[in-house]
Amino acid sequence: PIDESPLFDPHNPYLNRDPRCNETFVAPGSVIYGCVYDPAPSATTVLLDGKPVKNKDTKANDQYAATTATCLRKGAQDSWRTGKNVSENPTIIIRYADVLLMFAEAKVELGEMDAAINDVRAPAYKTTRDNTNLYPALTMADQNTMRLAIRRERRVEFAWEGRRFFDLLRWGWYEKACSHDYYAFPTKAGMAKLEKDGDYYWPWTPEVDECGFADFKPMFDAGKIIRILPRKYDKRLPLFPIPATEVNISNGIIEQNPGW
């Protein structure tokens, strides 16, 4: 976790991270679609195919730049640039990593520790499970420590793959996940001040609870970021609505889920 790692730098949050961080998001300074991605307030121009162009990924130039200064890399294809032979990404039904982590999770809940998580983590570092000097291998620990480690691994491994909702339901964390407000970087002037004060990307490292949820409220209270959407948990959300046609033709046998 970033609040426990001596290597984490809140001013350069993509440095010294699990490789899957930079495979999921575009690190500032790296290239995507032939363009250097840099959301910093002072980066008014960037290189596109080696030529300087106006940077539309910074709020200094464009009010519609990403509010959190992030750009998704996972699943991105260079062919999308051309508009030719473009198709959506294949739907992932299941991955071997999912099987391994389901197995590890089940073993932990049975009180039987297993290091299958390392068969998922090691490939992210381009190595194998036995080469523990080349990646941060998980060592066996108590049940709760192992449980949290596996849950963190699922979040990292399956980001943006449609697994998170069901994981949160299974672990009883869905209400907690949906009770955090949405925060973002300030407006153009605020971003410029953030950088001038040396507080960009983040002014400090946010605290992260044991479930992996970061607390950005202190940054908001200090005026460093803005809140764009207060959130309150809706009790009806864990269950989807049953189609009205199905409820109607059941002649009272099927009742609509609560709140819908």
Side-chain angles (χ1 to χ4, degrees), residues 1-30 37-43 57-60 65-74 117 121 124-125 135-139 141 144-160 164 167-168 171 173 175-231:
I2 59 175
D3 61 338
E4 297 178 16
S5 172
L7 300 177
F8 182 72
D9 181 358
H11 304 309
N12 192 354
Y14 292 86
L15 185 67
N16 296 322
R17 303 297 300 279
D18 184 304
R20 288 167 291 188
C21 176
N22 291 336
E23 291 174 1
T24 301
F25 300 101
V26 183
S30 63
Y37 178 75
D38 192 347
S42 58
D57 288 315
T58 176
K59 283 191 175 182
T67 59
T68 56
T70 53
C71 178
L72 187 65
R73 182 181 291 280
K74 180 178 277 192
I117 185 175
R121 183 175 293 180
Y125 289 80
Y135 75 102
L138 180 71
T139 56
N144 190 57
T145 299
M146 293 290 291
R147 178 185 291 125
L148 293 175
I150 291 169
R151 293 179 180 185
R152 184 181 302 116
E153 198 74 11
R154 288 191 65 86
R155 185 180 193 180
V156 171
E157 180 70 22
F158 304 125
W160 292 85
R164 184 69 172 164
D167 285 349
L168 291 171
W171 302 333
W173 288 0
E175 180 175 354
K176 186 178 183 68
C178 292
S179 300
H180 292 267
D181 294 341
Y182 283 128
Y183 296 100
F185 282 117
T187 58
K188 177 180 177 179
M191 283 288 284
K193 185 177 188 305
L194 200 69
E195 189 174 49
K196 181 180 179 181
D197 293 344
D199 289 334
Y200 179 82
Y201 187 86
W202 287 335
W204 58 77
T205 302
E207 291 188 7
V208 182
D209 66 21
E210 69 170 8
C211 299
F213 298 114
D215 183 8
F216 288 100
K217 188 175 184 299
M219 291 187 196
F220 167 73
D221 291 340
K224 301 294 184 180
I225 59 176
I226 61 174
R227 180 166 51 200
I228 57 176
L229 181 63
R231 299 177 77 202

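Atoms considered below: every heavy atom in the structure, side chains included; atoms not considered: hydrogens, waters and symmetry mates.
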Taking all non-hydrogen atoms of both residues, which atom of I228 and which atom of T67 are closest, and how far apart? CD1-OG1, 4.2 Å

Is the shortest heavy-atom distance from the side chain of R73 to the side chain of S30 under 4.5 Å? yes

For a side chain to side chain contact (heavy atoms under 4.5 Å, CB included) check, start with the C-alpha distance between L168 and K176, then their side-chain angles and the critical distance, and finish with the verdict. CA-CA 9 Å; L168 291 171; K176 186 178 183 68; over 6 Å; no

Work out which heavy atom in P206 is nearest to a heavy atom in F216; give both atom names and the distance. CG-CE2, 3.9 Å

Partners passing side chain to side chain donor-acceptor pair (under 3.5 Å) against T70 (at least two apart in sequence or in another chain): T68

Any side-chain heavy-atom pair from S5 and R17 closer than 4.5 angstrom? no

Which atom names give the shortest non-hydrogen contact between G190 and P186, and what distance separates them? C-CG, 3.4 Å

Pairwise distance CG(L15) to CG(D9) - rounded to 0.5 angstrom: 7.0 Å

On a heavy-atom basis, which atom in T58 and which in A65 lie closest, and how many Å separate them? C-CB, 3.7 Å

Heavy-atom closest pair (A40 atom, D38 atom, distance to 0.1 Å) is N-OD1, 3.1 Å

Counting only N and O atoms by type, is there a donor-acceptor contact under 3.5 Å from the side chain of K59 to the main-chain atoms of F185? yes

Report yes if some heavy atom in the side chain of V208 is under 4.5 Å from a heavy atom in the side chain of I2; otherwise report no. yes

With a 6.0 Å cut-off (strictly less than), is the heavy-atom count around CH2 of W204, excluding the residue itself, greater than 12? yes

Could you give all pairs that pass the side chain to side chain donor-acceptor pair (under 3.5 Å) test and reach residues 214-231, with sequence neighbours left out? D181-R227, D199-K224, K217-D221

Got a sec: does the CD of E23 have more than 12 other heavy atoms crowding it under 6.0 Å? yes

Once you measure the plane-to-plane angle for Y135 and Y125, does it fall in the parallel (<30°), tilted (30-60°) or perpendicular (>60°) bin? tilted

Taking ring-ring contact (aromatic ring centres under 6.0 Å, His included) as the criterion, tell me which of F213, F220, W173 meets it with H180. F213

Polar side-chain atom of R121 near backbone of P136 as donor-acceptor pair, under 3.5 Å: yes

Side chains of F8 and P13, heavy atoms from C-beta outward: is any pair under 4.5 Å? yes

Mind checking side-chain contact (heavy atoms from CB on, under 4.5 Å) for P41 and listing every partner two or more places apart, or none if nothing turns up? M191, E195, Y200

Under a 3.5 Å distance rule, please check whether T24 uses its side chain to pair with a backbone N or O of K74 as donor and acceptor. no

Counterpart residues, salt bridge (charged side-chain N to carboxylate O under 4.0 Å, His left out), relative to R20 (two or more places apart): D18, E153, E157

Heavy-atom distance under 4.5 Å between the side chains of W171 and R151, does that happen here? yes

Got a sec, which residues hit salt bridge (charged side-chain N to carboxylate O under 4.0 Å, His left out) with R154, two or more places apart in sequence or on another chain? D98, D167

With K196 via salt bridge (charged side-chain N to carboxylate O under 4.0 Å, His left out) - residues at least two apart: none

